[in-house]
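Notes for the one structure printed next.
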There are 2 protein chains.
Amino acid sequence: MRQEDLGRLVGYQLKRVQAALRAAMDDTLRAHRLTTPQYVCLELLGQRPGLSNAELARDAFVTRQSMNAMLQNLQDAGLVERPASAPHGRALPTRLTPLGASRLAAARADVLAIERRMTSALDEAQTRILLAQLDSMATALSG
Amino acid sequence: MRQEDLGRLVGYQLKRVQAALRAAMDDTLRAHRLTTPQYVCLELLGQRPGLSNAELARDAFVTRQSMNAMLQNLQDAGLVERPASAPHGRALPTRLTPLGASRLAAARADVLAIERRMTSALDEAQTRILLAQLDSMATALSG
DNA sequence: AAGCTTATGTCAGAATCCTGACATGAGACA
DNA sequence: TGTCTCATGTCAGGATTCTGACATAAGCTT
């Protein structure tokens with residue numbers, strides 16, 4: 001097939017996998033009435049309740065403005081809740097509603113199935129090495 | 001449950017690396033007056049001259065409409081050229097102008113430096129394995 | 001106490017990208 | 001030949017995200 005130079009760059013293959021993963025997640029999450037960024041937001045809140053908008057934005061790799069709009073939608077859908085006033089500073093700690101928690105649990109099963117399918121060619125040791133390599137790549141770029 | 005921590009998911013680390021890579025490329029390419037998608041487009045044309053808009057879109061992981069707008073900008077900037085009418089079918093084969101080729105060469109040096117920095121912790125054998133793993137992950141999701 | 005720094009939430013505007021739709025050109029096939 | 005299917009380029013509209021900017025709140029330094 002096409003054996004062009006671009007395919008031998010890690011950055012290009014990275015983008016290719018990420019695009020395929022995003023498409024697979026969008027397809028699956030549509031049945032749960034969630035977008036991929038929304039799912040990431042719910043997952044973060046499920047594991048670390050009380051995160052502020054800015055913290056969520058950093059961990060989801062979007063801007064504060066984008067995450068704020070996303071939280072508005074999730075709040076209107078009744079999946080998350082925020083206090084009207086800040087208990088400390090300006091940060092508004094966000095939490096999942098019972099509806100949001102159940103929606104997350106249902107969606108997570110399907111997303112984990114995608115993750116398993118994606119890494120089906122890798123055993124546990126290879127996956128561990130891959131995670132370490134990805135971590136070193138991210139820190140090499142950010143740090 | 002620590003096992004289901006987001007950081008232990010390959011998909012999340014993938015997104016993290018991709019975000020860091022995109023930020024690094026945006027910063028570097030700004031000096032060349034190029035965006036990251038525009039650079040990818042020029043790189044594709046540099047290696048496979050005469051690609052159509054639809055082919056470029058597929059290989060750059062964007063829609064035809066987005067790529068078409070991108071080509072309009074690159075054409076206005078004098079970096080690429082397209083014939084006014086299609087020599088066969090409806091596809092308009094696009095090529096780099098001399099200015100586009102030189103711009104690409106200058107930008108490529110900086111982008112390859114980022115690629116090397118990103119994979120600085122990996123030797124040649126590890127990089128080869130990583131590329132193979134990423135390829136298997138993409139095909140497992142798409143196929 | 002006063003000023004500086006940092007972080008957060010928010011508003012306004014623009015740029016980017018996408019979904020949906022339509023007409024055109026080429027090849028396949030009855 | 002006529003029709004069907006597929007791919008391409010393009011238009012219109014909307015959704016998402018970003019950049020830039022501002023005011024507020026807490027911690028720290030002087």
Side-chain angles (χ1 to χ4, degrees), chain A residues 15 18-27 29-30 33-42 44-45 48 50-77 80-95, chain B residues 15 18-27 29-30 33-42 44-45 48 50-77 80-95:
Chain A
K15 177 68 179 173
Q18 205 266 337
L21 175 60
R22 174 62 182 265
M25 289 183 66
D26 283 341
D27 286 344
L29 289 172
R30 194 170 296 117
R33 275 181 286 180
L34 288 174
T35 65
T36 297
Q38 284 174 341
Y39 167 77
V40 174
C41 181
L42 293 184
L44 286 167
L45 288 173
R48 297 157 62 196
L51 282 180
S52 71
N53 174 43
E55 291 171 320
L56 285 168
R58 278 192 296 268
D59 292 349
F61 310 106
V62 296
T63 60
R64 285 169 294 170
Q65 295 86 338
S66 297
M67 181 56 72
N68 194 22
M70 201 183 306
L71 285 179
Q72 298 274 0
N73 293 337
L74 290 173
Q75 204 166 2
D76 293 345
V80 306
E81 58 186 358
R82 280 195 291 182
S85 64
H88 180 71
R90 299 199 68 191
L92 299 173
T94 310
R95 296 180 182 279
Chain B
K15 176 70 178 172
Q18 204 266 336
L21 175 59
R22 174 63 184 265
M25 289 183 66
D26 283 342
D27 286 345
L29 289 172
R30 193 170 297 118
R33 276 181 251 165
L34 288 174
T35 67
T36 296
Q38 285 174 339
Y39 167 77
V40 173
C41 180
L42 293 184
L44 286 167
L45 289 174
R48 298 157 61 197
L51 282 179
S52 70
N53 175 42
E55 291 171 319
L56 285 168
R58 277 192 297 269
D59 292 349
F61 311 106
V62 296
T63 60
R64 285 170 294 170
Q65 295 85 340
S66 296
M67 180 57 72
N68 194 21
M70 203 182 305
L71 285 179
Q72 298 275 0
N73 292 337
L74 290 173
Q75 206 165 0
D76 293 344
V80 307
E81 57 186 0
R82 280 194 290 182
S85 64
H88 180 71
R90 298 199 68 192
L92 299 172
T94 310
R95 296 180 182 280

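Lettering follows sequence order; numbering is per chain, from 1.
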Open item on the list: Side chain of R82(B), heavy atoms from C-beta onward: which of dG27(C), dT8(D), dT10(D) has the nearest atom to it?
Closed with: dT10(D)

TODO: Return yes if some donor-acceptor pair links the side-chain N/O of Q75(A) with the main-chain N/O of Q72(A) below 3.5 Å, else return no.
DONE: no

Open item on the list: Check whether Q18(A) reaches the backbone of K15(A) with its side chain - one donor and one acceptor, N or O, closer than 3.5 Å.
Closed with: no

Task: R30(A)/D26(A) salt bridge by N-O under 4.0 Å criterion - done: no

Task: Contacts of R33(A) that satisfy side chain to side chain donor-acceptor pair (under 3.5 Å) - sequence neighbours left out - done: none

- [ ] Could you check how far CG of L74(B) sits from P of dT16(C), rounded to whole Å?
- [x] 11 Å

Open item on the list: So which atom in P87(B) and which in P93(B) form the shortest heavy-atom distance, rounded to 0.1 Å?
Closed with: CD-CD, 3.7 Å

- [ ] To the nearest Å, give me how far apart CG (L92(A)) and P (dT8(C)) are.
- [x] 12 Å

TODO: Starting from P on dA26(D), measure out to CZ on R90(A) and report it in whole angstrom.
DONE: 10 Å

- [ ] Write down the atom of M67(A), the atom of L56(A), and the distance for their closest heavy-atom approach.
- [x] CE-O, 3.6 Å

- [ ] Pick base, sugar-phosphate or nothing for T35(B), based on heavy-atom distances below 4.0 Å to the nucleic acid.
- [x] nothing

- [ ] Name every residue in residues 56-73 of chain A that has at least one heavy atom under 4.0 Å from any atom of DNA chain C, in order of residue number, or write none if there are no such residues.
- [x] R58(A), R64(A), Q65(A), N68(A)

Open item on the list: Does dG9(C) have its OP1 or OP2 closer than 4.0 Å to a side-chain nitrogen or oxygen of N53(A)?
Closed with: yes

